[in-house]
Trainee: 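Here it is, the structure, as structure tokens.
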There are 2 protein chains.
Amino acid sequence: MRIGELAGRTGVSVRALRYYEEQDLLAAERSPSGQRRYPESAVDRVVLIQQLYAAGLSSRTIAELLPCVVDGRATPALIERLAAEREQVDRRITDLRHARDRLDSVLTAATANLRTGAACRREAAPRAR
Amino acid sequence: MRIGELAGRTGVSVRALRYYEEQDLLAAERSPSGQRRYPESAVDRVVLIQQLYAAGLSSRTIAELLPCVVDGRATPALIERLAAEREQVDRRITDLRHARDRLDSVLTAATANLRTGAACRREAAPRAR
DNA sequence: CTTGCCTCTGACGTCAACGTCAGGTTCTAG
DNA sequence: CTAGAACCTGACGTTGACGTCAGAGGCAAG
């Protein structure tokens, strides 16, 4: 398929796909006229890339680990790298949970105050730009 | 305390503290000569700011919500905002968990392959810069 | 008083993951 | 055949949270 269809089916922009290629995350055949042609498997690949971005990995890191992720093969060094990234993700999850809990306690407190009529009287002033 | 001490005690840079002030996240008294003076409570405040950054909130958002977070009071609109941010954080946690699970399955697969002697034979090529 | 660290403002630099625009080619529907 | 959509490369713009540098003033010790 061509780049526009891949973009449509994955929900990422054409620009992003070209960027992925630039970063060696996603290869493409070329038609005689130079247009990119992707196989069906590219859809899954792009989804995977998005997942890894969502995990907070950089494109540099993804490029290093993708071959391993795709074919399930790796050197011990790559496996260590993967494990380290996994730990990173775990820590980020923990941090986020703490932050969420913090927001939760703030929320319940604020809501309770609202109900007891203790709401702020100064309106939120529109901040200068 | 002065800015250097606050930086040391919170682990954030002096530059970051000045940036927080610029973004209305952290106020400071000034000595007659113009140097910033912070109360003890600034330490907690900076820690809180870090937590909210960790939650993925922007400084703009933090500035809007901080008064509410600090004194537990808010307008209904602010409470809605908080709840929305909380949901955002929740979604991010879910995404991260998916990504982590993905990394996990890759890891176990790769490790199993390693043990069965199916490791990649082409070494990880050092990528061009 | 001077040395050396701390602090100030102002301003430009950085980095990642794209967005956007220009100027040109290619493909496809009619 | 032609209009218009889709594609190409190349290059500059954007955003957020700072880093870094310059040039100047402040503060404690000896």
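Values in this document were obtained by computation on a predicted structure and should not be read as measured data.
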Trainee: Can you tell me how far C1' of D/dC18 sits from CD1 of B/Ile3, to the nearest Å?
Mentor: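 About 13 Å, once rounded to whole Å.
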Trainee: Under 4.0 Å between a side-chain N or O of A/Tyr19 and OP1 or OP2 of C/dA17?
Mentor: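 Yes, within the criterion.
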Trainee: So, does B/Tyr53 get its side chain near the phosphate of D/dG16, meaning an N or O under 4.0 Å from OP1 or OP2?
Mentor: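 Result: no.
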Trainee: Expressed as a whole number of angstroms, how long is the span from B/Ile62:CD1 to D/dG16:C1'?
Mentor: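 My rounded result for the distance is 12 Å.
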Trainee: Within less than 4.0 Å of OP1 or OP2 of C/dC5, is there a side-chain N or O belonging to B/Arg2?
Mentor: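 It does not, given that no N or O in the side chain of B/Arg2 lies less than 4.0 Å from OP1 or OP2 of C/dC5.
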Trainee: Rounding to an integer number of Å, can you tell me how far A/Arg60 CZ sits from C/dA16 C1'?
Mentor: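 After rounding, the reported distance stands at 14 Å.
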Trainee: Reading DNA chain C from 5' onward, which residue's closest nucleotide shows up sooner: B/Arg37 or A/Ser33?
Mentor: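 Of the two residues, B/Arg37 wins.
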Trainee: Among D/dC8, D/dA17, D/dC27, which nucleotide has an atom closest to any side-chain atom of B/Gln35?
Mentor: D/dC27
Trainee: Base, sugar-phosphate, or nothing: which does B/Ser13 touch, judged by heavy atoms less than 4.0 Å apart?
Mentor: sugar-phosphate
Trainee: Please determine whether a side-chain nitrogen of the Lys or Arg among B/Arg86 and B/Asp90 lies less than 4.0 Å from a carboxylate oxygen of the Asp or Glu.
Mentor: yes
Trainee: Tell me the closest heavy-atom pair linking B/Ala99 and A/Gln51, and the distance in Å.
Mentor: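 It is CB-O, 3.7 Å.
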Trainee: Could you check how far CG of B/Leu17 sits from P of D/dA17, rounded to whole Å?
Mentor: 15 Å
Trainee: So, is A/Ser58 close to the C/dA16 phosphate, meaning a side-chain N or O under 4.0 Å from OP1 or OP2?
Mentor: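 False: A/Ser58 side-chain N/O out of range (4.0 Å or more) of C/dA16 OP1/OP2.
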Trainee: Looking at every heavy atom in both B/Ile93 and A/Ile93, which two are closest together, and how far apart are they?
Mentor: CG2-CG2, 4.4 Å
Trainee: For the pair made of CD in B/Glu5 and P in C/dC5, what is the distance, rounded to whole Å?
Mentor: 19 Å
Trainee: Could you tell me the separation between the CZ atom of B/Arg18 and the P atom of D/dT20, rounded to a whole number of Å?
Mentor: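 For the pair B/Arg18 CZ and D/dT20 P, the rounded distance is 13 Å.
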Trainee: Whole angstrom is fine here: how far is it from CE in A/Met1 over to C1' in C/dC27?
Mentor: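 Going from A/Met1 (CE) to C/dC27 (C1'), I get 18 Å.
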Trainee: Looking at D/dC18, I'd like to know if its phosphate oxygens (OP1 or OP2) sit under 4.0 Å from a side-chain N or O belonging to B/Tyr20.
Mentor: yes
Trainee: Can you name the residues that form a side-chain hydrogen bond (donor to acceptor under 3.5 Å, both in side chains) with A/Arg81, not counting sequence neighbours?
Mentor: A/Glu64, A/Glu85
Trainee: Rounded to the nearest 0.5 Å, what separates atom CG in B/Leu25 from atom CG in B/Leu17?
Mentor: 10.5 Å
Trainee: Can you check the A/Ile49 CD1 to C/dA17 P distance for me, whole Å?
Mentor: 12 Å
Trainee: On DNA chain C, nearest-nucleotide positions of A/Leu57 versus A/Arg15: which is more 5'?
Mentor: A/Leu57
